[in-house]
Amino acid sequence: MDLNQRARALGGQITAWRRHLHTHPELSFKEYETTAFLAAELAKMGIAVTTFQDYTGCIGIINPQHPGPTVALRADIDALPITEDTGAAFASQNPGVMHACGHDCHTAMLLGAAQLLQEQAQDLPGRVLLLFQAAEEGFCGSRYYLEKGYLEGVSAILGMHVCPDAPSGKLSIEEGNRMAGRDNWRITVEGVSAHGSTPHLGRDAIVAASSCILNLQTLASRVNDPLNPLALTVSTVKAGSQFNIITDTALLEGTLRTYDPALRATVKREMETVIAHSAAALGCTARLEFIEADAGDAVINDHPGLVALAQSSAAKLFGPDILCHVEPSMASEDFSCLMQAIPGLFVFLGIHDEGCGAVWPLHSEHFAVNESILPTGSALYAQFAVDYLNQQEGR
Ligand code: NI
């Protein structure tokens, strides 16, 4: 079967799914209606679905009894705390919540792939696991399915994300760095409070925090090799109560983004040193805490065989001109959690299209896509699964 042709024929249905999801977005870990909707749609297709008592998201399996290998396809299903301002007829009806990262597209594309694959289930030499994953924005929502053993036996996994940096409908299937690792952190600076008129009697936590902020900048400019990607951002500063009090506490929060594990370790260590000495020079202390539950590794396509296979799947469907280059991003993706356990591949699907106003970055309240890309994503998901299983069988 020509999966591109079949996906185009299914385009109206895939778009309807996407619009339904877009109208009814739900935040991370709260995707109850979304999960129920997905489970019902998969059941309608005759696909075995697993939902969870204590967690959102669901897993569909095509050919659950097949003894052959298992390939997984993953879509993230959660939305963001953003008030939509697109004017679309199918705009969000949940106030303050919006699918502004394209996860509605990913989910609809995977539903489309589910339909395409189920139609030819009897010809597949293995199983396809469809992972509709909760809480990507909450970071590491994917850990649950791994830790509970729901992904056991999966020997390869494909994830996809829409990409405003690439032309609409083009695919970036590339080896190497794709999305950065993330470490969110918090710094507590402590001094001694005093009246604002007597600075010599206090130890000003605000001045010490300011020194920490400025000296942290030198890690990117002086410690790091300029050719090695690094972003270290202080994003919040909280301190003080009123105009005539020298405060004894200041809180800083921020994020560290890296690809290189050695650099990641070095910067984490150097941050401790820099803030301890910056604060000590002003008679204060500073404590650094990394938020482990929120940390994630980089998304790096380090399985050349999977990259080559997906490239050939894409070329088979759309011709070789479908492929494009996208620079690595310093944003993060919890697909990395899955990639730590399962050989994985992460693909970008371009959405930039001035003709239909799809010019906004991810997480914008104006975020838009040209829905003609949806069958492209469905066809690639499905073709990759078919080609992977056939390749495994041929071994
Ligand atoms: Ni996203």
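Here the shortest heavy-atom pairing between L230 and A220 reads CD2-CA, 3.6 Å. Minimum interatomic distance between S155 and Y388 (heavy atoms only, all atoms of both residues): OG-OH, 2.8 Å. For the pair A279 and C212, the tightest heavy-atom approach, listed with the atom from each and the gap, is N-SG, 4.4 Å. Here the closest heavy-atom approach between residue F318 and residue A379 is recorded as CZ-CB, 3.9 Å. When all heavy atoms of I14 and P375 are compared, the closest pair comes out as CD1-CA, 4.2 Å. Between A239 and T249, the shortest heavy-atom distance links the atoms CB-O, 3.7 Å.
A tilted orientation is assigned to the rings of H22 and H99, their planes being inclined by 30° to 60°.
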For this session: Evaluate the side-chain contact (heavy atoms from CB on, under 4.5 Å) criterion for residues L110 and M160: first the C-alpha distance (whole Å), next the side-chain angles of each, then the deciding distance (0.1 Å), finally the verdict.
Result: CA-CA 10 Å; L110 188 54; M160 217 183 300; over 6 Å; no

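Atom CD of Q65 is surrounded by 12 or fewer heavy atoms from other residues, nucleotides or ligands within 6.0 Å. Applying the 6.0 Å contact sphere to NZ of K268 captures more than 12 heavy atoms from other residues, nucleotides or ligands.
How far NE2 of H20 is from CG of D104: 11.5 Å, rounded to the nearest 0.5 Å.
Just one of R74, R182, R143 meets the salt bridge (Lys or Arg N to Asp or Glu O under 4.0 Å) condition when paired with D334; it is R74.
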Throw together a table of side-chain donor-acceptor distances under 3.5 angstrom for residues 144-152, partners on residues two or more places apart or in other chains.
{"from": "Y144", "atom 1": "OH", "to": "D54", "atom 2": "OD1", "distance (Å)": "2.6"}
{"from": "Y145", "atom 1": "OH", "to": "T56", "atom 2": "O", "distance (Å)": "2.8"}
{"from": "Y145", "atom 1": "OH", "to": "A134", "atom 2": "N", "distance (Å)": "2.9"}

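With sequence neighbours excluded, the residues satisfying side chain to side chain donor-acceptor pair (under 3.5 Å) with T255 are N184, R257.
Salt-bridge check for E272 with R269: failed, with every basic side-chain N at 4.0 Å or more from each acidic carboxylate O.
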